[in-house]
Amino acid sequence: MLAGVFAEKKNGRYLVASLWDKDCSHQWYVDNKMPALIQGSGVKYVAIRITGSLLKVNPKWNVF
């Protein structure tokens, strides 16, 4: 993961955004790390819905 952010709205909604260098790096995280994080947090028992989206970032937008 190159970067990430976690935010909570007052109505109990959350936003988690992360930036990955490759699709396969993110998929490895989802397959190997995320199940333990979900179980440890108890989120699957309180979450109504978890959704995700993949956005491709144009390399020309990078600022160094």
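Numbers here are sequence positions counted from 1. In this text the structure is predicted, and so the values were computed from the model without any measurement.
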- Measuring from Met34:CE to Ile38:CD1, what's the distance to the nearest 0.5 Å? 4.5 Å

- Item | Cluster overlap Leu54 with Trp20, hydrophobic side-chain contacts below 4.5 Å | no

Expected list for residues 8-15: side-chain donor-acceptor pairs under 3.5 angstrom, two or more places apart:
| unit_1 | atom_1 | unit_2 | atom_2 | d |
| --- | --- | --- | --- | --- |
| Glu8 | OE2 | Tyr14 | OH | 3.2 |
| Asn11 | OD1 | Arg13 | N | 3.2 |

Without placing hydrogens or testing angles, list every side-chain donor-acceptor pair under 3.5 Å for residues 24-32, not counting sequence neighbours.
| unit_1 | atom_1 | unit_2 | atom_2 | d |
| --- | --- | --- | --- | --- |
| Ser25 | OG | Asp21 | OD1 | 3.2 |
| Gln27 | NE2 | Asp31 | OD1 | 3.0 |
| Gln27 | NE2 | Asp31 | OD2 | 3.4 |
| Asn32 | ND2 | Trp28 | O | 2.9 |

- Message: I'd like to know if Trp61 and Leu55 are part of one continuous hydrophobic network [Ile/Leu/Val/Met/Phe/Trp/Tyr, side-chain heavy atoms within less than 4.5 Å].
- Response: no

